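Worksheet: one structure, shown below.
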2 protein chains.
Amino acid sequence: MWDMTEPRWLNADERRAWLALVSINTLLPAALDTKLHTAGKLSLFDYTVLAMLSEAEGRFLPMSELAARSSASLSRLSHVVTKLQKRGWVERRPHPHDARVTTAHLTEEGMATIVGLAPGHVEDVRDLFLDALTEQDVLDLARIGEKVVGRLDADHWILRES
Amino acid sequence: MWDMTEPRWLNADERRAWLALVSINTLLPAALDTKLHTAGKLSLFDYTVLAMLSEAEGRFLPMSELAARSSASLSRLSHVVTKLQKRGWVERRPHPHDARVTTAHLTEEGMATIVGLAPGHVEDVRDLFLDALTEQDVLDLARIGEKVVGRLDADHWILRES
DNA sequence: GCAGCGTGGTTGATTCTTCAACTAGGCGTC
DNA sequence: GACGCCTAGTTGAAGAATCAACCACGCTGC
């Protein structure tokens, strides 16, 4: 026997929050994607992958770790790394101590690409998103956002103790 | 001459808010997509389209209006409506007074589908998202979310006076 | 030392999305 | 009433995401 009671439909505020989130979800990446695509022929996800590598110690990461930091499946990442590799921005190398592991390394050109793109991208993020918010909003959003991420993935890397 | 000054990089809280939003953005739709796909072989976007039609007066909407309410391009919507049409959930009809307009109508089967899916979907939304939040969080998120949507698209339908 | 299981990663097919090009009808102006 | 422009929508091709199948390696227990 399953629960036959009437489902708890969303109340007005829950609906507002939900609809806003879904809308942001489609509008924001789309806007940043087109910005990045005109600036450098890459997607927001491509950019994120390069950014995560550029911030990593030694500018390389195992594929799994890179997947975690870009919230992507290993499969998706593997396809994208292949593409970035063809453009000369990333290299794959075998891990010295564990033959199962592949590490993705940011090349010099890859670094140059992201260094060139970063200022414009940060401006876009401010322009499309952060500039709409007060300091308190940013704080609230960080708090709420991390709660939601924690519910979706309790071990998510952004929640790791720093 | 363009602005040569150092870009304003994100501070710690801005970065937290931004990273959380990007993560939610990839994790939440993915989770709901797989839930909906196992429940009824449709994506979150398919569901949204059916839901918007089911809530519309007369259960039909012009393609452009439906596109606006699902935050999609007309092109994307057109492809999806073709797919939903093949499954018998939606019908296309010419608009009686403006021959340019096509209206998408929810069929009886389409209505039955969404009525069957809705309770589970609402449960999932609560489970994956709303249950992580307090009432105050929901209120804050609605406020902040609508600000962001307004910045991305000042005329967005969710901001229309009701 | 090898059988079995879990982990890390890749691949190819299918599905989805986007983009650019195009059809076609409405509206304004002269 | 015909020219140009705008709005509404469709289409096909190209690029991207997902899914399931798969390979290879490491670890554990025997």
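Note that the structure is predicted; figures quoted are calculated from it, not measured. The sequence lines fix the lettering, A, B, ..., with proteins before strands; numbering per chain opens at 1.
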Distance from W157(B) atom CH2 to S70(B) atom OG, nearest 0.5 Å? 9.0 Å
Crowding at CZ, R143(A) (>12 non-hydrogen neighbours, <6.0 Å): yes
Is there a side-chain polar atom (N or O) of R100(A) under 4.0 Å from OP1 or OP2 of dC27(D)? no
What is the distance, rounded to the nearest whole Å, between atom CZ of F45(A) and atom P of dT18(D)? 9 Å
Distance-only side-chain donor-acceptor flag, T113(B) / W89(B), under 3.5 Å: yes
If you draw a 6.0 Å radius around CZ in R92(A), do more than 12 non-hydrogen atoms from other residues or ligands fall strictly inside? yes
Output the rounded distance in Å from NZ (K86(A)) to P (dA16(D)). 10 Å
How close or far is atom P of dA24(D) from atom NE2 of H95(A), stated in whole angstroms? 20 Å
Can you say whether a donor on the side chain of S75(B) sits under 3.5 Å from an acceptor on the base of dC19(C), or the other way round? yes
Take the protein atom NE2 of H97(A) and the nucleotide atom C1' of dA24(D), then report the distance between them rounded to whole Å. 19 Å
Looking only at heavy atoms, which two atoms of L133(A) and V148(B) are closest? And how far apart? CD2-CG2, 3.9 Å
Can you tell me whether the side chain of S78(B) and the base of dT11(D) have a donor-acceptor pair closer than 3.5 Å? no
Check whether any side-chain N or O of R76(B) sits under 4.0 Å from OP1 or OP2 of dC19(C), and answer yes or no. no
What's D33(A) touching, base or sugar-phosphate or nothing? Going by heavy atoms closer than 4.0 Å. nothing
How do A99(A) and S43(A) order along DNA chain D: which one's closest nucleotide is nearer the 5' end? S43(A)
At under 4.0 Å, does any side-chain N or O of K83(A) touch on OP1 or OP2 of dG15(D)? no
Hey, which sits more toward the 5' end of DNA chain D by its nearest nucleotide, P62(B) or H37(A)? P62(B)
In terms of the nearest nucleotide of DNA chain C, which residue is placed more toward the 5' end: V101(A) or H79(A)? V101(A)
d(CZ, R87(B); C1', dT15(C)) in whole Å: 10 Å
Report the residue (T34(A) or D46(B)) whose heavy-atom-nearest nucleotide on DNA chain C is the more 5′ of the two. D46(B)
Quickly work out the L74(A) CG to dA21(D) P distance and round it to whole Å. 18 Å
Rounded distance (Å) that lies between atom P of dA8(D) and atom CD of E65(B): 11 Å
Given atom CG of L44(A) and atom P of dA17(D), what is their separation to the nearest angstrom? 10 Å
